[in-house]
**Q** 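Just passing along the structure, written as structure tokens.
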Amino acid sequence: KIFLAWIYNATKQVNFFFIDTHKHKDKHKDKDHRHKDHKKDKEREKFKHSNSEHKEHSEKKHRDKEKLKHSDGSSDKHREKHKEKDREKRREEKVLDAIFPFTLMGCVLLWFVVIRWEEERYTDGSKWRFLEHKGPVFAPPYEPLPDKVKFYYDGKPMKLSAPAEEVATFFAKMLDHEYTTKEIFRKNFFKDWRKEMTSEEKSKITDLNKCNFSEINEYFKAQSEARKQMSKEEKQKIKEENERLLQEYGFCVMDNHKERIGNFRIEPPGLFRGRGDHPKMGMLKRRIRPEDIIINCSKDSKHPKPPPGTKWKEVRHDNKVTWLASWTENIQGSIKYIMLNPSSRIKGEKDWQKYETARRLKKCVDRIRAQYREDWKSKEMKIRQRAVALYFIDKLALRAGNEKEEGETADTVGCCSLRVEHVKLYPKMDDQEYVVEFDFLGKDSIRYYNKIPVEKRVFKNLQLFLENKQPEDDLFDRLNTSILNKHLQELMDGLTAKVFRTYNASITLQQQLKELTCPDDSIPAKILSYNRANRAVAILCNHQRAPPKTFEKSMQNLQSKIDEKQNQLSAARKQLKAAKADHKASHDDKTVEVKRKAVQRIEEQLMKLQVQATDREENKQIALGTSKLNYLDPRISVAWCKKWGIPIEKIYNKTQREKFAWAIDMAEKDYEF
DNA sequence: TTTGAGACTTGCGCGGAAAGCT
DNA sequence: AGCTTTCCGCGCAAGTCTCAAA
């Protein structure tokens, strides 16, 4: 009967079930996960756990509701009601008996549907069921310059119209950058600036070289100086205002979870810079208005309101995508999005999937390697090129290398888009044979330079590919990323070129950690080992950085600190010796012990400093962040920390811990990638 | 097969906040 | 407390990859 009553109650809540499937699902899981035992479910369960905070919240609400329902009896009509209730109860039971088979069937059906949905949730392409947010925050409107700040044309002061003035200030702010001296930058800027001018201004201002922005430049410098000099209270006020904005616009509700939004502020207008030698540098990036924005949210949510007097371009309800708002940017004509923070469920799950794909590659990588080595001998040139390219992607962790439109972006390449001019072949170099020298600009115009010995067959193939070609011809002329990826897809479900980067990065970390960690090392030394393993990956992936401007100086500072410590140490040692000598005469145990402790402490400090120095020196031109955030399966790091008793905070800062919450929850100390 | 839009991940540099030092 | 150094989070550019229509 209890069971029956439970089912009855459940059917009464059918509405609730459908309106709020997520909540139900959690409930359902809590009750029933004991029955389900296959691995996938378990893992997903673990994944869910990292969001338990939200879950608790919603469950509490649920309980409160329940309470309310039960507490609505009043005492004065108690007896009367009691009889009435009894009768009703009997009636209810009869009805229940009668409808029992149907109820049961209904429940089974319902359960089935819910489970099916649960399973399908990730395969039917829908990303959410409910999405509510408040829309983006727009850039503050332009504030005209005070009258005393003047722009000069050809030596004479000239008052500009507001739109022209705004664009002029963009340029004026950049005066100290060397790119304002670059010809393309100036040309692009001037062309776009003229578009904003009134016809009168246009006819007057014809030569950028005659424009003098220095007063405007100084004005902005003074402004930023003033901002620095602000009192504590004023700074506090700004901080609070920012916090308020974050609280109001920085979060959304997706499927019962309050989630942090990644970039809820619209990019302000300005001059486009781009990276490397970009043909569009200096162009005007225009201001984004509500009329440019497409809002995405669920139909049954409270739709975000556009600022007073404006309209959204469109409000749509597409749950096949994850973005909340989008607009088209005017430099490349590409679409920009507002999406969730990496700590969100939707990003976390995707990240987890990515590493699972890489782990699947681990299982079949030997087969794939054997296959491409075989393909080096293929009769078909297309297959040979594919095989050699894949070899580079695997061995050197090169990016795929999509084609790009010429003249639209900086001239950079990846594996499939390598040109003849980017590789040199040396049959013999020093004591190595068959050396290939790579020298090209990759993503973000970062130089890739590497000399590696390759197998003879690869070398011969490369010679073949280079025959009768000009420097600007494609090295792999019969290959592009879609051919390559199509092939990879056939080798393993979900395999693409970039999976190799993920796989090789993670496997390298795991193997380096195994190799470098000494069980007896202190915690700082172990962390150095971790950083070294991380560094090996960063080098593999060619993650570089400009050496910090103050690098030399800070290195010197550190060195002098080390010298000083060394002096301290020898002094302390001398004292210890003296104390020991004294000890023989006076039997003063205490002093010896104190001195010994001092020596020990200084030794430790010195060691720490030296570790820091090595770490920093080795890190001069290497950026660890990118690989840590995007390529290393966080579960490897978590497991390593657990194994060696390293606090996770030493490896991941707060944001990183939030992003990797799923992994911190999931991985045990024996986790294997 | 080609092309391009669209969606999402990866990547570096910068500025301000926090931490460290005197 | 005041200054310097380091760290962190953000901004936004630049990749990868998918899908669908021409």
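Note that these values count all heavy atoms, side chains included, but never hydrogens, waters or copies made by symmetry. Chain letters run A, B, ... following the sequence lines, proteins first and then strands; every chain starts at 1.
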**Q** To the nearest Å, how far apart are A/Trp327 CH2 and B/dA7 C1'?
**A** 14 Å
**Q** Classify the side-chain pair A/Arg273/A/His278 by whether it contains a donor and acceptor separated by less than 3.5 Å.
**A** no
**Q** Using a 4.0 Å heavy-atom cut-off, does A/Ala497 contact any base of the nucleic acid, only the sugar-phosphate backbone, or nothing at all?
**A** sugar-phosphate
**Q** State whether A/Phe251 and A/Lys258 meet the cation-pi test: NZ (Lys) or CZ (Arg) under 6.0 Å from the six-membered ring centroid, and within 45° of the perpendicular axis.
**A** yes
**Q** Classify the nucleic acid contact of A/Asn402 as base, sugar-phosphate or nothing, counting any heavy atom under 4.0 Å across all strands shown.
**A** base
**Q** Considering only heavy atoms from C-beta outward, does the side chain of A/Lys280 approach that of A/Glu408 to under 4.5 Å?
**A** yes
**Q** Do any side-chain nitrogens or oxygens of A/Thr412 fall under 4.0 Å of OP1 or OP2 in C/dG15?
**A** yes
**Q** So which one's nearest nucleotide on DNA chain C is more toward 5', A/Ala400 or A/Gly262?
**A** A/Gly262
**Q** Would you check if A/Leu271 and A/Phe189 make a side-chain contact, meaning some heavy-atom pair closer than 4.5 Å?
**A** yes
**Q** A/Asn485 has an atom CG; how far is it from atom C1' of C/dT18, in whole Å?
**A** 10 Å
**Q** Between A/Lys654 and A/Thr409, just flag the one whose closest nucleotide in DNA chain C comes earlier from the 5' side.
**A** A/Lys654
**Q** Rounding to a whole Å, what distance do you find between A/Lys354:NZ and C/dC17:C1'?
**A** 14 Å
**Q** Go along nucleotides 13-22 of chain B 5' to 3' and tag each nucleotide: B for a protein heavy atom under 4.0 Å from its base, S when only backbone or sugar atoms are that close, - otherwise.
**A** S-------S-
**Q** Salt bridge or not for A/Glu183 and A/Arg186, using N-O below 4.0 Å?
**A** no
**Q** What integer distance in Å separates A/Asp277:CG from C/dA13:P?
**A** 17 Å
**Q** Heavy atoms from C-beta onward define the side chain here; which of B/dC8, C/dC12, B/dC12 lies closest to that of A/Tyr337?
**A** B/dC8
**Q** Does A/Gly625 reach a base, just sugar-phosphate, or nothing at all? Heavy atoms under 4.0 Å.
**A** nothing
**Q** Do the side chains of A/Ile295 and A/Glu314 get nearer than 4.5 Å, heavy atoms only?
**A** no
**Q** Select base, sugar-phosphate, or nothing to describe what A/Pro268 touches, counting heavy atoms under 4.0 Å on all strands.
**A** sugar-phosphate
**Q** Identify whether NZ of Lys or CZ of Arg in A/Arg635 sits under 6.0 Å from the centre of the six-membered ring of A/Phe673 and within 45° of that ring's axis.
**A** no
**Q** Side chain of A/Tyr631 only, please: which of C/dA14, C/dC12, B/dT10 is the nearest?
**A** B/dT10
**Q** Distance check needed: C/dC17 P versus A/Lys350 NZ, whole Å only.
**A** 12 Å
**Q** How many whole angstroms separate atom NZ of A/Lys320 from atom P of B/dC8?
**A** 12 Å
**Q** When only distance counts, do a donor and an acceptor, one from the side chain of A/Lys498 and one from the base of C/dT16, lie under 3.5 Å apart?
**A** no
**Q** For A/Phe220, does the six-membered ring have the charged nitrogen or CZ of A/Lys173 within the cation-pi criterion, i.e. under 6.0 angstrom from the centroid and within 45° of the normal?
**A** yes
**Q** Given C/dC12, C/dG15, C/dG11, which nucleotide is nearest the side-chain atoms of A/Lys336?
**A** C/dC12
**Q** Counting any heavy atom closer than 4.0 Å, what does A/Arg273 reach on the DNA or RNA strands: base, sugar-phosphate only, or nothing?
**A** nothing
**Q** Just how far is it from atom CG of A/Asn619 to atom CG of A/Leu624, taken to the nearest 0.5 Å?
**A** 4.5 Å
**Q** For DNA chain B, whose closest nucleotide is more 5', that of A/Lys486 or that of A/Lys443?
**A** A/Lys486
**Q** Measure from CD on A/Gln332 to P on C/dT16 and round the result to the nearest Å.
**A** 15 Å
**Q** Starting at the 5' end of DNA chain B, which residue's closest nucleotide do you reach first, A/His543 or A/Thr322?
**A** A/Thr322
**Q** Please state whether the phosphate of B/dT9, meaning OP1 or OP2, lies under 4.0 angstrom from any side-chain nitrogen or oxygen of A/Asn630.
**A** no
**Q** Rounded to the nearest Å, what distance is computed from the CG atom of residue A/Asp444 to the C1' atom of nucleotide B/dT9?
**A** 13 Å
**Q** Remember a base hit wins even if backbone is also touched, and classify A/Arg260 as base, sugar-phosphate or nothing at under 4.0 Å, heavy atoms.
**A** sugar-phosphate
**Q** Report yes if some heavy atom in the side chain of A/His133 is under 4.5 Å from a heavy atom in the side chain of A/Val253; otherwise report no.
**A** no
**Q** Applying salt bridge (Lys or Arg N to Asp or Glu O under 4.0 Å), run through A/Lys404 and A/Asp411 and close with a yes or a no.
**A** CA-CA 8 Å; A/Lys404 324 204 289 176; A/Asp411 176 25; over 6 Å; no
**Q** Estimate the overall bend of the helix from B/dT1-C/dA22 to B/dT22-C/dA1 from the end axes over five pairs each, rounded to 10 degrees.
**A** 10°
